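Heads up: the structure comes next, in structure tokens.
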Amino acid sequence: MKQIIVELIPTKFKDGDIIQLSALKIDDLKLIDRFDYRLKEDKIVYPDLLKIINYDKDKFIYKKSTNEILKEFKKWVEDYPIYILDNKYTYNYLNELDNEIKYIEKELNMEYSDDIINLIIKKYNLENSNYIVDLLYEALMYERG
């Protein structure tokens, strides 16, 4: 089954900028492609948010606006279903896509909570990572494996 797993970091829960969008395209749990985009640092008006994304700077593609990031993402996702965390903001940014959007914690037999990432790490005995999307992928592999 082909699907996309998404991690999105916004400046606000609604109507803010996307400062980072990372996604994995998988087919039957095999990684096909990565999407790692960030908003250019000079466009981020909240200095504390720069600390959150102060890693692997050379592994991201940088864009001038959220619209540019979403435009690239819309092309990249094709018609694959998208799996997101039910964190009350990711859906707000992706709801205009024609893709089916599902909550990944249901695939992991968990309920969303503010500490879901720590719970996933503990449940599947995962190593901490800056990339939440990678942790979600590893957990999905354990769950379906």
Side-chain angles (χ1 to χ4, degrees), residues 1-46 49-50 52-121 123-124 126-145:
M1 168 172 57
K2 295 179 181 181
Q3 56 198 21
I4 306 289
I5 304 171
V6 171
E7 169 194 357
L8 188 146
I9 302 174
T11 56
K12 299 180 192 174
F13 289 161
K14 188 175 182 183
D15 300 327
D17 284 318
I18 295 172
I19 61 171
Q20 181 174 307
L21 191 129
S22 290
L24 303 177
K25 189 180 286 185
I26 61 176
D27 186 1
D28 290 327
L29 295 180
K30 181 182 178 204
L31 180 63
I32 300 170
D33 197 7
R34 285 192 79 94
F35 183 96
D36 289 306
Y37 280 65
R38 283 187 178 154
L39 189 64
K40 288 189 173 191
E41 287 187 6
D42 64 343
K43 302 291 182 188
I44 300 172
V45 295
Y46 304 104
L49 292 175
L50 288 172
I52 293 173
I53 61 167
N54 193 23
Y55 61 89
D56 295 345
K57 291 183 177 188
D58 60 331
K59 295 188 177 177
F60 288 81
I61 296 172
Y62 292 85
K63 294 292 180 180
K64 295 177 190 174
S65 70
T66 291
N67 287 339
E68 285 183 30
I69 293 171
L70 286 175
K71 183 179 175 183
E72 293 297 321
F73 187 66
K74 285 177 186 179
K75 289 188 283 188
W76 185 82
V77 295
E78 301 176 57
D79 63 349
Y80 292 15
I82 298 172
Y83 285 80
I84 63 172
L85 285 169
D86 187 11
N87 54 20
K88 309 300 182 219
Y89 58 83
T90 300
Y91 182 82
N92 292 338
Y93 288 90
L94 303 179
N95 67 1
E96 293 183 17
L97 296 174
D98 292 331
N99 303 62
E100 178 182 13
I101 297 178
K102 299 178 179 185
Y103 296 117
I104 196 163
E105 57 270 19
K106 291 181 177 153
E107 296 287 318
L108 305 176
N109 298 305
M110 300 177 78
E111 291 188 25
Y112 183 81
S113 65
D114 289 339
D115 65 341
I116 191 156
I117 299 306
N118 289 328
L119 294 172
I120 288 170
I121 290 169
K123 179 179 179 178
Y124 299 101
L126 303 176
E127 300 250 350
N128 237 335
S129 173
N130 288 325
Y131 295 91
I132 291 171
V133 72
D134 290 346
L135 293 171
L136 297 174
Y137 175 48
E138 286 183 61
L140 197 60
M141 286 193 309
Y142 275 108
E143 196 64 42
R144 292 186 182 165

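These figures come from a predicted structure and were not determined experimentally. Scope of the values below: all heavy atoms of this structure, side chains included, with no hydrogens, waters or symmetry mates.
Y93 and G16 make their closest contact through OH-N, 3.0 Å (heavy atoms, listed as atom of the first residue, atom of the second, distance). What you find for A139 and I120 is that their closest heavy atoms are CB-CG2, 3.7 Å. Nearest heavy atom pair, residue S22 against residue D36, reads OG-OD1, 2.7 Å.
The number of heavy atoms from other shown groups lying within 6.0 Å of OH (Y112) is above 12. Counted within 6.0 Å of CD on E127, heavy atoms from surrounding residues, nucleotides or ligands total 12 or fewer; the atom is thus considered open. Other residues, nucleotides and ligands contribute more than 12 heavy atoms inside 6.0 Å of the OH atom of Y62. Atom CG of N95 has more than 12 heavy atoms from other residues, nucleotides or ligands within 6.0 Å. Environment of CG in D98: sparse, with no more than 12 heavy atoms of neighbouring residues, nucleotides or ligands closer than 6.0 Å.
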Given V6 and L85, is the side-chain contact (heavy atoms from CB on, under 4.5 Å) satisfied, shown in steps?
CA-CA 8 Å; V6 171; L85 285 169; over 6 Å; no
Go through it in stages, so that I can follow the logic: the residues are Q20 and L39, the test is side-chain contact (heavy atoms from CB on, under 4.5 Å), and I'd like the CA-CA distance, side-chain angles, deciding distance and then a yes or no.
CA-CA 6 Å; Q20 181 174 307; L39 189 64; over 6 Å; no
Determine, step by step, whether I69 and K63 satisfy the side-chain contact (heavy atoms from CB on, under 4.5 Å) criterion, reporting the C-alpha distance in whole Å, the side-chain angles of both residues, the deciding distance to 0.1 Å, and the verdict.
CA-CA 6 Å; I69 293 171; K63 294 292 180 180; 3.7 Å; yes
With side-chain contact (heavy atoms from CB on, under 4.5 Å) as the test, would you mind laying out the steps for W76 and L21 before giving the verdict?
CA-CA 12 Å; W76 185 82; L21 191 129; over 6 Å; no
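For Y80, there are no ring-ring contact (aromatic ring centres under 6.0 Å, His included) partners at least two apart in sequence or on another chain.
Using a 4.5 Å cut-off on side-chain heavy atoms (C-beta onward), R38 and I44 make no contact. You'll find the side chain of D134 reaches within 4.5 Å of the side chain of R34, heavy atoms only. Counting only heavy atoms from C-beta outward, the side chains of I4 and F35 never approach each other to under 4.5 Å. A heavy-atom distance below 4.5 Å is found between the side chains of K57 and N54.
For the atom pair N99 CG and D79 CG, the distance stands at 7.0 Å (nearest 0.5 Å). Atom CG of N130 sits about 6.5 Å away from atom CG of D56, to the nearest 0.5 Å. Distance check: I84 CD1 to Y89 OH gives 10.0 Å after rounding to the nearest 0.5 Å. To the nearest 0.5 angstrom, K2 atom NZ is 5.0 Å from D27 atom CG. Here the straight-line distance linking atom CG of L29 with atom CG of L24 works out to 11.5 Å at 0.5 Å rounding. Taking CD1 from I5 and CD1 from I82, the interatomic distance works out to 11.5 Å, rounded to the nearest 0.5 Å.
Using a 4.0 Å cut-off between charged side-chain N and carboxylate O, K71 and E68 make no salt bridge. Taking the charged nitrogens against the carboxylate oxygens, K25 and E78 do have a contact shorter than 4.0 Å, which makes a salt bridge.
Side chain of T66 to main chain of I18: a donor-acceptor pair is present (N/O by atom type, distance under 3.5 Å, no hydrogens or angles). When atom types are taken as modelled, the side chain of Y137 and the backbone of L31 share a donor-acceptor pair closer than 3.5 angstrom.
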For residues 100-110, tabulate all N or O donor-acceptor pairs below 3.5 Å that involve a side-chain atom, not counting sequence neighbours.
residue, atom, partner, partner atom, Å
K102, NZ, Y83, OH, 3.4
E105, OE1, D86, N, 3.4
E105, OE2, D86, N, 3.2
E107, OE1, R144, NH2, 2.7
N109, ND2, E143, OE2, 2.8

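Side-chain contact, T11 with D17: no donor N or O sits under 3.5 Å from an acceptor N or O.
Note on ring orientation: taking the six-membered ring where Trp is involved, the planes of Y55 and F60 are perpendicular (angle over 60°, cut-offs 30° and 60°).
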